[in-house]
Amino acid sequence: MYKVVKRRQLADIITLLEVEAPEVAKKAQPGEFVIVRQNEESERIPLTIMDFNRDKGTITIVIQEVGYSSNLITRMQEGDSFVTFVGPLGQATEIENYGTVLCIGGGVGVAPVHPIARGLKEAGNKVISILGARTKDLLILEDEMRAVSDEVIITTDDGTYGMKGFVTHGIQSVLDQGIKVDAIWAIGPVVMMKSVANFTRPLGIKTIVSMNPVMVDGTGMCGACRLDVGGETKFACVDGPEFDGHKVDFDLAMKRSAFFKNEEAVAYGKVKCQCAKEGK
Amino acid sequence: MASKAPRHDMPCQDPIVRGKNFSEVALGYTVETAAEEAKRCIQCKKPKCVEGCPVGVDIPQFINKIAEGEHLEAASILKGKNTLPAICGRVCPQESQCEAQCILGVKGEPVAIGRLERFAADYEMANGTSKLEKATPSGKKVAVIGAGPAGLTCAAELARKGHAVTVLEALHVAGGVLMYGIPEFRLPKAIVQKEINSLKDMGVEILVNQVVGKVTSVQELLANGYDAVFIGTGAGLPYFMKIPGENYNGVYSANEFLTRSNLMKAYDFPNHATPIKVGEQVAVLGGGNVAMDAARTALRLGAKDVYIVYRRSMTELPARVEEVHHAEEEGIQFKILTNPIAINGDENGNVKSMTCLKYELGEPDASGRRRPVAIEGSEFDLPVQTVVVSIGQGPNPLVTTTTAGLELNKWGNIVADETTMATSIPGVYAGGDIVTGAATVILAMGAGKTAAASIDAYLMTN
């Protein structure tokens with residue numbers, strides 16, 4: 001059993017959980033993910049690692065409530081346990097000294113960007129982080145990102161905090177200062193990663209994105225997480241989750257992510273109905 | 001004395017009823033039928049059936065015990081050679097192994113060895129109290145990677161010799177393909193877990209959620225106190241057809257389709273949270289046992305028309321005869337001599353049809369089977385909303401690519417000595433699908449058993 005030792009509400013629908021998983025913590029690297037099941041009837045869902053503490057033997061994950069399974073997990077309290085918490089899975093980020101890098105996190109995507117930014121900073125890069133959110137209240141992990149970045153730019157869609165606009169406006173503002181950007185990591189909603197990739201493609205700036213498609217086992221066995229990358233089929237679980245953003249077919253990825261939308265609504269409806277009964 | 005009675009049929013659920021549930025199809029022999037069938041065995045002095053069994057079960061002996069009504073004795077004889085008899089009695093291709101060698105089969109029908117094996121194992125599970133005794137500890141430790149048929153058999157054999165065995169499994173339950181691949185209606189999961197529990201009773205430690213290659217490595221296991229390692233990671237990387245449209249919504253690998261349904265119990269959605277979506281028309285590509293399992297699962301999940309799409313003819317289907325027969329009874333439609341060339345989707349990326357070509361059989365190819373040749377201009381569209389690709393799978397690379405010095409063949413399978421299952425690394429053995437490519441449960445078990453004998457010899461001399 002994998003016990004939650006710390007819980008923090010980062011925003012209304014975004015929760016941070018620090019989980020006891022010493023074996024995973026021993027090996028975890030930036031860019032990797034875990035697969036969790038909350039209880040015996042739960043599905044297996046992938047979550048990117050936000051932080052790891054090898055001494056304490058813990059892994060930190062951040063999860064946004066979007067449906068049934070994420071609802072179950074965001075409701076977990078300190079002392080509750082996951083029945084499955086397997087990892088670290090996927091390929092680690094290629095941490096090198098690239099020069100100046102942008103670490104872009106959109107929404108809950110700030111969480112997986114965090115260890116990457118830290119790793120890149122430790123490797124000697126100048127790290128400029130761009131954190132995007134729909135509105136000020138949904139911006140997460142600002143302090144943590146400031147601690148591992150040379151500079152932080154904040155964008156909100158509604159202008160309630162930082163620069164009004166999208167993360168691409170943040171990129172533009174960096175470029176406007178005449179800064180040469182050597183590489184970009186962009187993690188967030190698929191539509192955000194797509195627009196970052198479209199923005200940087202003509203500029204020829206290496207842009208890495210982290211894909212989070214539907215997955216079952218996470219070890220290459222089921223093939224559910226197929227993506228089209230540069231005309232080739234790739235499995236996000238073993239070939240990724242990071243890919244060259246200029247080559248990913250984001251439209252296909254969005255369609256594939258929507259495949260179980262109706263079923264997810266059915267399950268979510270069930271849990272919401274349950275919560276209403278219990279007065280939660 | 002052997003009876004002249006014909007081979008006894010296995011009672012089954014009615015095809016129309018069972019097409020709508022996930023309960024076991026074949027119901028098993030009664031005590032009376034088992035005795036009658038057992039009496040058909042003529043107790044050959046030089047039994048050829050035993051030669052046909054990859055793990056060398058003493059077949060005439062255990063059958064004789066059933067004929068005498070000594071069912072627990074029969075089970076104990078079985079378990080002397082086969083750690084998982086309730087599973088093998090259900091999923092072994094008996095018709096091409098033990099039963100193919102049965103002397104009664106020359107002029108008539110062979111003894112139903114598989115059904116009798118299942119009977120004895122089930123009887124023991126229901127009525128037995130015997131527990132395998134723990135052997136005297138040898139002081140040696142072995143790590144077994146993968147809790148599928150190869151790994152579990154290897155673990156059991158090593159435990160019998162007194163070695164401390166730890167099995168590392170990547171999924172959240174042990175059993176491998178027995179849990180995620182083979183459907184409940186063919187192999188109830190409770191039976192698999194009971195057989196696994198008997199290994200735990202023998203002292204085998206099973207750790208789940210351990211992805212070797214990520215959380216630890218073969219070298220680390222050897223460095224951290226394990227005296228030997230067995231790799232039985234199976235064939236866990238699905239092949240696709242490489243035709244246009246294969247990433248549309250509604251195209252599943254058989255592994256995904258079966259894992260959702262079997263392991264994650266998607267057929268019980270939303271009580272179990274993993275969904276599965278099946279259209280009214282489903283095409284399953286391929287003709288093996290996995291294809292039959294996927295087709296019959298699709299039917300049970302509510303599909304109206306389920307097609308097996310296979311490019312050769314019925315006689316070349318690689319699936320077990322009994323499974324093909326069950327599938328036909330349930331109404332699975334066989335579109336043989338047919339192969340898809342494209343999967344077509346709608347504007348949302350959902351599958352709406354599959355473009356196929358008709359084939360005819362030409363000269364035999366390297367495999368000895370007549371080569372299918374496409375008939376020009378025979379293109380047609382098959383309306384389907386779900387496609388399950390079941391054309392085989394390759395070796396999962398997580399362990400093999402993280403083990404320096406491990407010799408692999410050009411397909412990525414581990415090269416292991418056929419007689420000892422030894423790999424290129426001293427103390428490291430391998431067996432099952434990771435060595436042979438996708439094969440059967442019993443062959444994997446045979447390899448696990450062979451490897452265990454070699455590992456035992458290795459531990460005793462090193």
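Chain letters run A, B, ... following the sequence lines, proteins first, then strands; residues in each count from 1. These numbers come from the heavy atoms of this one structure, side chains and all, not from hydrogens, waters or symmetry mates.
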Visitor: What part of A/V214 gets within 4.5 angstrom of chain B, counting heavy atoms only: side chain, backbone, both, or neither?
Guide: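 The answer is the side chain of A/V214.
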
Visitor: Chain A heavy atoms under 4.5 Å from B/I276: which part of the residue, side chain, backbone, both or neither?
Guide: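 Only the backbone of B/I276 comes within 4.5 Å of chain A.
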
Visitor: Check whether more than 12 heavy atoms from other residues, nucleotides or ligands sit under 6.0 Å from atom CD of A/E23, and answer yes or no.
Guide: no

Visitor: To the nearest 0.5 Å, what is the distance between CG (B/L171) and CG (A/D217)?
Guide: 6.0 Å

Visitor: Please classify the contact of B/N350 with chain A as side chain, backbone, both or neither, using a heavy-atom distance under 4.5 Å.
Guide: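 Only the side chain of B/N350 comes within 4.5 Å of chain A.
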
Visitor: Indicate yes or no: does B/E220 engage A/K27 in a salt bridge with an N to O separation below 4.0 Å.
Guide: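 A salt bridge is present here (some side-chain N lies under 4.0 Å from a carboxylate O).
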
Visitor: Does either side chain, that of A/Y2 or that of B/N209, offer a donor lying less than 3.5 Å from an acceptor on the other one?
Guide: yes

Visitor: Side chain, backbone, both or neither: which part of B/F269 has a non-hydrogen atom closer than 4.5 Å to chain A?
Guide: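 Just the side chain, heavy atoms under 4.5 Å.
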
Visitor: Taking all heavy atoms of B/P275 and all of A/E263, pick out the closest pair and write down the distance.
Guide: CB-CB, 3.6 Å

Visitor: Hey, which of B/N249, B/T274, B/V211 has the most heavy atom pairs under 4.5 Å with chain A?
Guide: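 Option with the top pair count is B/N249.
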
Visitor: Measuring from atom CD of B/E256 to atom CZ of A/R226, what distance do you get when rounded to the nearest 0.5 angstrom?
Guide: 7.0 Å

Visitor: Report, as yes or no, whether the 6.0 Å neighbourhood of atom NZ on B/K265 holds more than 12 heavy atoms from other residues, nucleotides or ligands.
Guide: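 Yes, enclosed.
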
Visitor: If I measure from the heavy atoms of chain A, does B/V251 come under 4.5 Å with its side chain, its backbone, both, or neither?
Guide: both

Visitor: Could you check which of B/S253, B/P238, B/G349 has the highest count of heavy-atom pairs closer than 4.5 Å to chain A?
Guide: B/P238

Visitor: Quick check for you: to the nearest 0.5 Å, what is the distance between B/L398 atom CG and A/C237 atom SG?
Guide: 8.0 Å

Visitor: Where does the angle between the aromatic ring planes of B/Y252 and A/F260 fall among parallel (under 30°), tilted (30 to 60°) and perpendicular (over 60°)?
Guide: tilted

Visitor: Measure the NE2-OG distance between B/H172 and A/S42 for me, rounded to the nearest 0.5 Å.
Guide: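 The distance works out to 9.5 Å.
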
Visitor: Can you tell which of B/G250, B/P397, B/A266 has the highest number of heavy-atom pairs within less than 4.5 Å of chain A?
Guide: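 Highest number of pairs under 4.5 Å: B/G250.
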
Visitor: For chain B, which candidate among A/G223, A/G220, A/G218, A/A258 shows the most heavy-atom pairs at distances under 4.5 Å?
Guide: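 Most pairs with chain B among the choices: A/G220.
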
Visitor: Relative to chain B, which segment of A/R44 carries a heavy atom at a distance below 4.5 Å: side chain, backbone, both, or neither?
Guide: both

Visitor: Any donor-acceptor pair under 3.5 Å linking the side chain of A/R256 with the backbone of B/N247?
Guide: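 Side chain of A/R256 to backbone of B/N247: a pair is present.
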
Visitor: Quick check: are there more than 12 heavy atoms from other residues, nucleotides or ligands sitting under 6.0 Å from NZ of A/K3?
Guide: no

Visitor: If you count heavy-atom pairs within less than 4.5 Å of chain B, which of A/V216, A/T84, A/N39 leads?
Guide: A/T84

Visitor: Does a salt bridge link B/K214 with A/E32, judged by any charged N lying under 4.0 Å from a carboxylate O?
Guide: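 Salt bridge present between B/K214 and A/E32.
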
Visitor: For the CD atom on A/E94, are there more than 12 heavy atoms of other groups (residues, nucleotides or ligands in this structure) within a distance under 6.0 Å?
Guide: no

Visitor: Do any N or O atoms from the side chain of B/K277 and from the backbone of A/F259 form a donor-acceptor pair under 3.5 angstrom?
Guide: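 Yes, the answer is positive, given that a donor and an acceptor are paired below the 3.5 Å cut-off.
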
Visitor: Which heavy atom of B/N255 sits nearest to which heavy atom of A/M221, and what is that distance?
Guide: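 Reported closest heavy-atom pair: ND2-O, 2.8 Å.
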
Visitor: Give a yes or no answer on whether the side chain of B/N348 reaches the backbone of A/K255 with a donor-acceptor pair at less than 3.5 Å.
Guide: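 No, B/N348 side chain to A/K255 backbone: no donor-acceptor pair under 3.5 Å.
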
Visitor: Using non-hydrogen atoms and a 4.5 Å limit, figure out which bit of A/I35 sits close to chain B: side chain, backbone, both or neither.
Guide: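 For A/I35, neither part sits under 4.5 Å from chain B.
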
Visitor: Please classify the contact between A/F85 and chain B as side chain, backbone, both or neither, with a heavy-atom cut-off of under 4.5 Å.
Guide: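 The answer is the backbone of A/F85.
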
Visitor: Should we count CG of B/N271 as having more than 12 external heavy atoms under 6.0 Å?
Guide: yes

Visitor: Roughly how far, to the nearest 0.5 Å, is the CG atom of A/D228 from the CD atom of B/E246?
Guide: 11.5 Å

Visitor: Quick one: pull up OG1 in A/T219 and CG in B/L237 and give me the separation to the nearest 0.5 Å.
Guide: 9.0 Å

